[in-house]
Participant: 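One structure, pasted below without further comment.
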There are 2 protein chains.
Amino acid sequence: MMKMSDVAKLANVSPATVSRVLSNPELVSKETRQKVLDVINEVNYKPHIVARQFRTKETKIILVVVPDITSAFFSKVLRGIEHVAVNNGYQVILGDTENDIEREKEYINLLLQKQADGMVLLTARLNKTNLEEISEHFPMVLACEYMDGLNVPTVSIDNISSARKATEHLIKLGHTKIAHITGPINVILSRDRMRGYQQAMMSHELDIDSAYIQEGDFSFESGYNQTLKLLALENPPTAVFAFNDEMAMGAIKAAKDSGLKAPEDLAVVGFDNVKMSSVIEPNLTTINQPKYEIGKKAMELLLKLINGESINKKKFVMKDELIIRESCGSNPDLKEQTKM
Amino acid sequence: MMKMSDVAKLANVSPATVSRVLSNPELVSKETRQKVLDVINEVNYKPHIVARQFRTKETKIILVVVPDITSAFFSKVLRGIEHVAVNNGYQVILGDTENDIEREKEYINLLLQKQADGMVLLTARLNKTNLEEISEHFPMVLACEYMDGLNVPTVSIDNISSARKATEHLIKLGHTKIAHITGPINVILSRDRMRGYQQAMMSHELDIDSAYIQEGDFSFESGYNQTLKLLALENPPTAVFAFNDEMAMGAIKAAKDSGLKAPEDLAVVGFDNVKMSSVIEPNLTTINQPKYEIGKKAMELLLKLINGESINKKKFVMKDELIIRESCGSNPDLKEQTKM
DNA sequence: CTGAAAGCGCTTACAG
DNA sequence: CTGAAAGCGCTTACAG
């Protein structure tokens, strides 16, 4: 393998000059530069990046930790991150944790061991103290999820209020027996959306049958199975608010397979406004998250941290929106009322 | 930042010993080892991995180049890759090209510049000579896509025969006016599947109206739009074979929006057997690719290459399967005939 | 504008 | 079982 000193010899210059041609060409005279470039092309020299990284202490790599690469939701957030990263000369590498905290820790170690210049977390299973300690020493931002009182830059929507909005939509349509399929309850996001659901129910003085809250695992299948459970109840709900669109689609399927129709027999609200939510029938009423913008904003903040700029604000709340489609059987008149 | 020599000093040993404790603990006496580990824990020392990589010329990272991280198909292949990688002590980093050849080249450069020990390509827009040259010097395997005569280890199904099988299914159901929505025609895979379609048509002496072949871009939207075009033809097709499930779903939606019913008025076959294909209504008849296994096999081969083992065979063909569901209106009897 | 030299933080062959 | 020393391939402050 050719190295810089070999190129230098062939071009009759010092290694320092070759280095300059590559990294600061304006410091080298035109003729010398051309001579060096010719040799580089001729022998197809590629600098050894790890050596450069080692020397400069910069990797020009940012790490994104994703809980589930398979998810239509996260892939949109990723796109936002990627675009601003690439535009600023950074490579994005993805760490898929598959919702496993051990894998999450491994990826975080990449950062601690300086294999990346910064990190954006799309999930945080770690506890607050840990995260804050890492954040003190390394550029890091949290996106999608908000951890109460966490002193780390965060970009997300207000999940509690969005979930409240979604539940209230059902209430306004006249439903009183409203169930909720949560995400894994050890995930903050799941608890936040459940909180929103509870707030809405309570503020309208509706009882929450404890059997109406079922824990899913984000998957279509779990939405399907939990809905089957709900429908088998002695006093089954007439509406379901699901943590995400995946599970909402599972809920609709479960209703159909039980001989019920959505929205007539079971109204369903999802969350995320994933592509498929407008393809499936009935089209899902759901909460839109500005996925791309969340990713974009998160990466912009990370860039600032990497460049040593200070961030005055820690918490960035993005705008969500209730998208009313078919799965709750709403009508255009109603749409007016629910706009907030 | 604490470094190895600092730890050494605190533990009253040489840096070499600290290094051994970390990488070859069996070379160090129990007492010394414990003394060093105590210091490491006490000061929370993390080795500087880039320095190690630089020294050992190993990154323990493998790079996967994905054309579209958003795709439900590729994410399953990724899982197969990840699992065997992680089990063998490798980190997987993902390079999303967004179908852009420039981004593909950038990621390949990561390999050439030794930032990864090997690479699996889930797409190959580069030409054969380029790929072979890289493959001679660096561990690399190609998955999902097969390039004729390419001397690089490859794992894929036989796309031509699968596409033929899918088209023949339509023919057996009595269709003669069968359209095909291709992927971008500069992608090998698109040409392969089109070839299978053409072979099936020709071997059954069916004409292919050139307007029956429409080029899509993998997306739901393009499937939708191209189907609208097909249906607007003076002599519209009664069946469509789409390059993938995404576009097949778009085709179904287009039929519905045109007041037609699938499968009665328009039969649709997809490709990939993506999760959503069994959720959407009508359920898609499609070709199953063993996604996870393709990824697994590809990573196993890559590991062999990295370890300097030789691979006797270059071309690994995985088994596909025609999955008959609702979107072509087939019946159980027919299922028997089409099993191959 | 260019070169000589030091040094980034590890690992490993060698010697004892 | 342990240490001294060389060296991986670059970059950069310094000198000229």
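Lettering of chains follows the sequences in order, A, B, ..., and the numbering in each one begins at 1. Reckoned from all heavy atoms, side chains included, excluding hydrogens, waters and symmetry mates.
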Participant: I'd like to know if the side chain of B/S75 reaches the main chain of B/A72, judged simply by a donor and an acceptor atom lying under 3.5 Å from each other, with no hydrogens or angles considered.
Facilitator: yes
Participant: Using every non-hydrogen atom in the two residues, find where A/R125 and A/N99 come nearest and quote the distance to one decimal.
Facilitator: NH2-OD1, 3.0 Å
Participant: Check this for me: B/E58, atom CD, are more than 12 non-hydrogen atoms of other residues, nucleotides or ligands nearer than 6.0 Å?
Facilitator: yes
Participant: Out of A/R79, A/H83, A/K76, which residue meets the side-chain hydrogen bond (donor to acceptor under 3.5 Å, both in side chains) rule with A/Y292?
Facilitator: A/H83
Participant: For a quick check of understanding: with a heavy-atom distance under 4.0 Å over all strands, which category does A/S23 fall into, base, sugar-phosphate or nothing?
Facilitator: sugar-phosphate
Participant: Among A/V120, A/L63, A/I62, which residue satisfies the side-chain contact (heavy atoms from CB on, under 4.5 Å) criterion with A/V92?
Facilitator: A/I62
Participant: On DNA chain C, does the nearest nucleotide to B/N24 precede the nearest nucleotide to B/A51 from the 5' side, or the other way round? Give the residue.
Facilitator: B/A51
Participant: Touch check for A/V13, heavy atoms < 4.0 angstrom, all strands: base, sugar-phosphate only, or nothing?
Facilitator: sugar-phosphate
Participant: Is it true that a side-chain atom of B/K57 and a backbone atom of B/F54 form a donor plus acceptor pair closer than 3.5 Å?
Facilitator: yes
Participant: So with a 6.0 Å cut-off around NZ of B/K35, is the heavy-atom count from everything else above 12?
Facilitator: yes
Participant: On DNA chain D, nearest-nucleotide positions of A/T17 versus B/P15: which is more 5'?
Facilitator: B/P15
Participant: Quick one: does B/D117's side chain have a donor or acceptor within less than 3.5 Å of a partner on B/T59's backbone?
Facilitator: yes
Participant: Please figure out whether B/R55 or B/R20 has its closest DNA chain D nucleotide nearer the 5' end.
Facilitator: B/R20
Participant: Scan B/S29 against the nucleic acid and name what it touches under 4.0 Å (heavy atoms): base, sugar-phosphate only, or nothing.
Facilitator: sugar-phosphate
Participant: Under a cut-off of 3.5 Å for both distances of each Watson-Crick or G-U pair, what dot-bracket string does DNA chain D give, using [ ] for crossing pairs and | for inter-strand pairs?
Facilitator: |||.||||||||.|||
Participant: Mind checking A/I49 for me? I need base, sugar-phosphate or nothing, with any heavy atom below 4.0 Å counting as a touch.
Facilitator: nothing
Participant: Could you verify whether a donor N or O on one side chain and an acceptor N or O on the other, from A/Q53 and B/Q115, lie under 3.5 Å apart?
Facilitator: yes
Participant: Which nucleotide of DNA chain D is the first, and which the last, in the 5' to 3' direction, to come under 4.0 Å of a heavy atom belonging to chain B?
Facilitator: D/dC1 to D/dG9
Participant: Sticking with atom P, work out how far D/dC10 lies from D/dC14, rounded to a whole angstrom.
Facilitator: 24 Å
